[in-house]
Novice: 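Below is a structure I'd like to ask you about.
Starting from 1, each residue takes its place in the sequence as its number. Note: hydrogens, waters and symmetry copies are ignored here, and every other heavy atom, side chains too, is used.
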Amino acid sequence: MKAIKKKRLSEIGADEIKKYIEDEGLKYGDRLPSVAELVDILQIGRSSLREALQLLESQGVIEVLNGKGTFIRESKPFQIQMAFEVEDKKNFLLETLEVREALEKKAVELAVKAASDEDVEEMTYHLQQYVHFLQTGQRQLANQADARFHQAIYAASKNMMLESIIDSVWDTFHEFWNEPFGIDDIFDQSYPYHEKLLQAIRKRDSTSALEAFDEIIQSVKQSIYNIN
C-alpha cells in the first residue's frame with residue numbers, strides 16, 4: 001500500500017486558487033481579487049491564503065506588483081504535464097535531478113557570460129532571504145527563496161527558450177522537490193555551494209561556477225541517497 005502524502009493548507013489553497021482562475025476564465029494580465037475578497041470566496045484563513053499566493057508566485061502562476069495587486073502571469077509556451085503515478089519516489093527524484101542537471105548547468109554557463117549587475121543582485125537578494133528565513137524558522141519561505149534564486153539564474157541566462165523549458169519542468173515537479181518524504185531540510189547541506197556559485201557568477205568565472213553547480217548536484221544527490 002502506498003503512503004498518502006498529506007497536503008499542506010497552503011498547497012490546498014493554491015489548488016483552490018488555480019481552480020478559481022480556471023472557473024472564472026482568468027487570462028494573462030487579469031487581476032485576482034484582493035486578499036480579503038479571496039478569503040471570503042475560498043473560505044480560507046489569511047495566513048494560509050498568503051502562503052498559497054507565495055507558492056503560486058514561486059511557481060510562476062501569478063505575479064504580485066506592489067501597490068497594484070496580484071495578476072495572472074503569461075502562460076509558458078512549454079508546459080509539461082505529469083500523467084503518471086510515482087511508485088519509486090527516490091528513483092523519481094534522481095531521474096528528475098538528471099534532467100535538472102542537464103538544463104540548469106547550461107543556464108549557469110550562459111548566466112556567467114550574460115548576467116547583468118541587476119541579475120546578480122537579484123540572486124544575492126534571494127540567497128540572503130533564504131538564510132534569513134532559515135534563521136527565523138520560516139522553512140516554507142526559505143524553500144521558496146531558494147527556488148527564486150535558481151529562477152534568477154535561469155532569467156540571467158538570457159535564453160528565453162531554455163528558461164521556459166526549465167520553468168515548465170520546475171513547476172511540474174515542484175511538490176516533489178519542495179519537501180520530499182516530508183523532510184523540509186533535506187537539501188540544506190547544499191547551501192555553501194550556492195554561495196560559491198553566486199560569487200563565481202559575480203566574478204564571471206565560468207570554471208568555478210560550473211564546479212559549484214556540480215557540487216550542488218552531488219550534494220542533493222547524496223541527500224536523496226541517504227533517505228531511508
Side-chain angles (χ1 to χ4, degrees), residues 5 7-83 96 100 103-104 107 118-119 121-130 132-133 138-179 184:
K5 179 185 174 183
K7 279 194 172 184
R8 292 171 176 263
L9 286 177
S10 59
E11 294 174 330
I12 296 173
D15 289 341
E16 288 299 314
I17 294 171
K18 287 180 180 177
K19 185 175 185 301
Y20 174 83
I21 291 172
E22 181 178 353
D23 290 345
E24 295 297 315
L26 299 182
K27 305 296 183 183
Y28 166 59
D30 288 344
R31 180 178 176 178
L32 279 178
S34 67
V35 169
E37 291 172 319
L38 284 174
V39 166
D40 289 337
I41 293 170
L42 303 177
Q43 294 297 297
I44 186 174
R46 280 180 175 268
S47 61
S48 296
L49 176 62
R50 291 188 186 280
E51 289 182 4
L53 291 171
Q54 289 168 342
L55 179 58
L56 292 176
E57 185 179 17
S58 72
Q59 294 177 346
V61 176
I62 61 174
E63 180 178 17
V64 179
L65 301 178
N66 291 333
K68 295 183 179 180
T70 303
F71 298 85
I72 310 300
R73 288 192 62 179
E74 185 174 10
S75 60
K76 297 161 188 170
F78 294 94
Q79 185 62 48
I80 300 173
Q81 298 294 332
M82 187 167 60
T96 57
R100 175 182 169 187
L103 296 172
E104 192 170 340
E118 290 76 13
D119 291 328
E121 289 311 307
E122 183 175 356
M123 295 175 208
T124 302
Y125 171 77
H126 292 311
L127 203 55
Q128 289 174 342
Q129 286 291 97
Y130 172 76
H132 167 71
F133 289 133
Q138 301 180 77
R139 165 59 56 181
Q140 189 169 14
L141 292 180
N143 289 342
Q144 291 171 13
D146 175 63
R148 292 191 181 104
F149 170 76
H150 289 278
Q151 288 168 336
I153 293 176
Y154 310 154
S157 72
K158 308 304 181 188
N159 186 312
M160 295 180 63
M161 182 74 73
L162 179 61
E163 182 184 357
S164 181
I165 294 173
I166 292 176
D167 277 355
S168 296
V169 176
W170 186 282
D171 289 353
T172 302
F173 301 124
H174 176 81
E175 65 175 295
F176 294 95
W177 285 103
N178 187 44
E179 191 179 319
D184 58 12

Novice: Verify, without hydrogens or angle tests, whether Asp30 (side chain) and Lys27 (backbone) share a donor-acceptor contact under 3.5 angstrom.
Specialist: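 Checking the backbone N and O of Lys27 against the side chain of Asp30, a donor-acceptor pair under 3.5 Å is found.
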Novice: Closest heavy-atom contact between Glu37 and Ser34?
Specialist: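 For Glu37 versus Ser34, the nearest heavy atoms are OE1-N, 2.8 Å.
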Novice: Quick one: pull up CG in Leu42 and CG in Asp15 and give me the separation to the nearest 0.5 Å.
Specialist: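 Output value for this atom pair is 11.5 Å.
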Novice: Please give me the minimum heavy-atom distance between Asp146 and Tyr130, naming the atom from each residue.
Specialist: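 Result for this residue pair: CB-CD1, 3.8 Å.
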Novice: Can you tell me how far apart CD (Glu24) and NZ (Lys19) are? Round to the nearest 0.5 Å.
Specialist: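 Glu24 CD to Lys19 NZ: 10.0 Å, rounded to 0.5 Å.
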Novice: Out of curiosity, Leu53 CG to Ile17 CD1, how far, rounded to the nearest 0.5 Å?
Specialist: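 It comes to 4.0 Å.
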Novice: What is the minimum heavy-atom distance between Ser157 and Ala107, and which atoms define it?
Specialist: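 Smallest heavy-atom distance, with atoms named: CB-O, 3.8 Å.
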Novice: How close do Ala145 and Phe133 get, heavy atom to heavy atom, and via which atoms?
Specialist: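 That would be CB-CD1, 4.2 Å.
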Novice: Here's a test for you: under side-chain contact (heavy atoms from CB on, under 4.5 Å), which of Val64, Val61, Leu32 qualifies with Leu56?
Specialist: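 Exactly one candidate clears the test, Val61.
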Novice: If we ignore hydrogens and angles and just use 3.5 Å, is the side chain of Arg148 paired with the main-chain N or O of Tyr125 as donor and acceptor?
Specialist: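 No: the side chain of Arg148 does not pair with the backbone of Tyr125.
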Novice: For the atom pair CZ (Arg46) and CG (Leu38), what is the distance rounded to the nearest 0.5 Å?
Specialist: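 The CZ atom of Arg46 sits 10.0 Å away from the CG atom of Leu38.
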Novice: Working to the nearest 0.5 angstrom, can you tell me the gap between Leu26 CG and Lys18 NZ?
Specialist: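 Here the interatomic distance stands at 14.5 Å.
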Novice: Distance from Arg31 atom CZ to Thr70 atom OG1, nearest 0.5 Å?
Specialist: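 If we round to the nearest 0.5 Å, Arg31:CZ and Thr70:OG1 are 8.0 Å apart.
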Novice: Can you name the nearest heavy-atom pair linking Met123 to Phe149, along with the distance?
Specialist: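 So the two residues come closest at O-CD1, 3.4 Å.
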Novice: Give a yes or no answer on whether the side chain of Ser164 reaches the backbone of Met161 with a donor-acceptor pair at less than 3.5 Å.
Specialist: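 Not a single qualifying donor-acceptor pair exists.
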Novice: Closest heavy-atom contact between Ala14 and Ala52?
Specialist: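 In terms of heavy atoms, the two residues are closest at N-CB, 3.5 Å.
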